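For ligands, and for the atoms within them, numbers begin at 1 and follow the listed sequence. These numbers were taken from a predicted model, which means no experiment stands behind them. Position 1 is the first residue of the sequence; numbering continues from there.
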Amino acid sequence: MKLTAEQIQANWDEFIGYIDTYISEPRKTALKAFYEKYAERIILMPAAHKKEYHNAFPGGYIEHVNRVIQAALKFEELWSEFGVTKNYTIEELVFSAMNHDLGKMGDEENEAYIPQTDQWRKDKLGEDYKFNDRLEFMSVPDRGLHLLTQHGILYTKNEFLAIKLHDGLYDEANKPYLINWMPETKPRTSLIYIIHQADLMAARIEFEREWMPKLTSNLAPQKKDSTLKKPAIKTKALNNIKSEGLKNAMQDFFKD
Ligand SMILES: [Fe+2]
């Protein structure tokens, strides 16, 4: 998958447009200043380092994030249609979707994904990018939240939880928040489920777009190998069988 320069620019404009439309002051200014400061890095970032993962191409990150914002807004309508209490605001929803994967950018100095220099790993493992060793380990949600804090961008508890838990139960660390049987310990905002659903759907769409055509073309009917002639196998197999009963049974097996 490759995006043109025009598509990459249009995706960035769309992304900044979500800040203008949905984020209120004073953090609108702070958030825009943050994204403008790191624009060059973020505009071209992939959403992953390996081809097998979703949107691992230049511009893939913003394309993915825009899709998660769009999906979150749609899921939100669906949840509302079903009469679920709105225990979050639309600004919280868009802010969480917008920043759910921010930790993928790395820190202020170091990008998380840098171009792969090992040709073998590029060819054999499909890694167009690699993790930057200079970056200290942090989970993606933790790094994203830390980046926001460092740049004076405040977030609500709902936003904190939605960003932290956006991988749902795909991340073991989220179990204490998501697996609990007592009503009083269950999450008190549906926002975390909406953001998780939106992210899950976006990643699935990106997987299908990238991989389904390749996988289904691999499943196309195989050309028959003319060297494997059935009569020859049949004769050889039957001649090796001593028991007449078994030979009769195998005759049936080899029937066309
Ligand atoms: Fe994501």
Side-chain angles (χ1 to χ4, degrees), residues 1 3 7-8 11-12 14-19 22-23 31 34-35 38 41-76 78-79 88 92-107 111-113 127-129 131-132 135 137-148 153 155 158-174 177-178 187 189-212:
M1 177 78 195
L3 297 177
Q7 285 170 320
I8 289 174
N11 288 343
W12 180 249
E14 181 183 332
F15 177 79
I16 295 297
Y18 289 124
I19 302 180
Y22 292 101
I23 309 300
L31 200 57
F34 171 81
Y35 278 107
Y38 296 104
R41 273 171 63 178
I42 295 174
I43 286 174
L44 287 176
M45 247 169 70
H49 75 295
K50 255 186 150 180
K51 273 186 193 144
E52 282 78 359
Y53 303 156
H54 62 104
N55 275 25
F57 49 79
Y61 172 81
I62 287 293
E63 208 229 19
H64 168 72
V65 170
N66 284 350
R67 186 170 288 107
V68 175
I69 297 170
Q70 293 157 14
L73 287 164
K74 291 273 183 196
F75 274 122
E76 196 281 323
L78 189 64
W79 280 66
Y88 52 85
E92 287 178 321
L93 177 108
V94 173
F95 183 91
S96 306
M98 174 176 282
N99 296 301
H100 80 281
D101 269 343
L102 178 61
K104 289 185 174 179
M105 76 168 262
D107 63 18
E111 292 173 52
Y113 306 132
E127 293 178 0
D128 286 337
Y129 297 89
F131 279 118
N132 186 351
L135 201 61
F137 173 78
M138 280 177 98
S139 71
V140 168
D142 285 352
R143 194 187 302 285
L145 290 164
H146 180 65
L147 276 167
L148 291 170
I153 301 161
Y155 39 83
N158 280 351
E159 290 162 349
F160 170 83
L161 290 171
I163 293 171
K164 180 172 175 57
L165 305 174
H166 78 263
D167 272 333
L169 287 172
Y170 287 97
D171 186 338
E172 294 267 325
N174 296 341
Y177 285 91
L178 301 176
T189 175
S190 304
L191 185 63
I192 61 174
Y193 301 103
I194 297 174
I195 297 298
H196 177 50
Q197 281 183 320
D199 190 32
L200 197 65
M201 193 177 83
R204 177 68 198 183
I205 288 166
E206 289 150 18
F207 160 76
E208 290 197 7
R209 182 183 60 181
E210 180 81 23
W211 285 97
M212 282 308 205

Engineer: Is Lys164 salt-bridged to Glu159, cutoff N-O under 4.0 Å?
Structural biologist: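 Salt bridge absent between Lys164 and Glu159.
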Engineer: Given OD2 of Asp101 on one side and NE2 of His64 on the other, what angle do they make at the Fe ion (ligand 1), to 10°?
Structural biologist: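 Rounding to the nearest 10 degrees gives 100°.
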Engineer: I'd like the atom name of the N/O/S atom in Asp199 lying closest to the Fe ion (ligand 1).
Structural biologist: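 It is OD1 of Asp199.
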Engineer: So Tyr35 and Ile62, do their side chains get closer than 4.5 Å, heavy atoms only?
Structural biologist: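 No - every pair of side-chain heavy atoms lies 4.5 Å or more apart.
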Engineer: Atom OH of residue position Tyr170 - does it have more than 12 heavy atoms of other residues, nucleotides or ligands inside 6.0 Å?
Structural biologist: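 Counting other residues, nucleotides and ligands, OH of Tyr170 stays at 12 neighbours or fewer.
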Engineer: For a 4.5 angstrom cut-off between non-hydrogen side-chain atoms, does Phe95 reach Ile163?
Structural biologist: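 Phe95 reaches Ile163 side chain to side chain.
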Engineer: Taking N, O or S atoms only and a limit of 2.8 Å, check whether His166 reaches the Fe ion (ligand 1).
Structural biologist: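 No, outside the cut-off.
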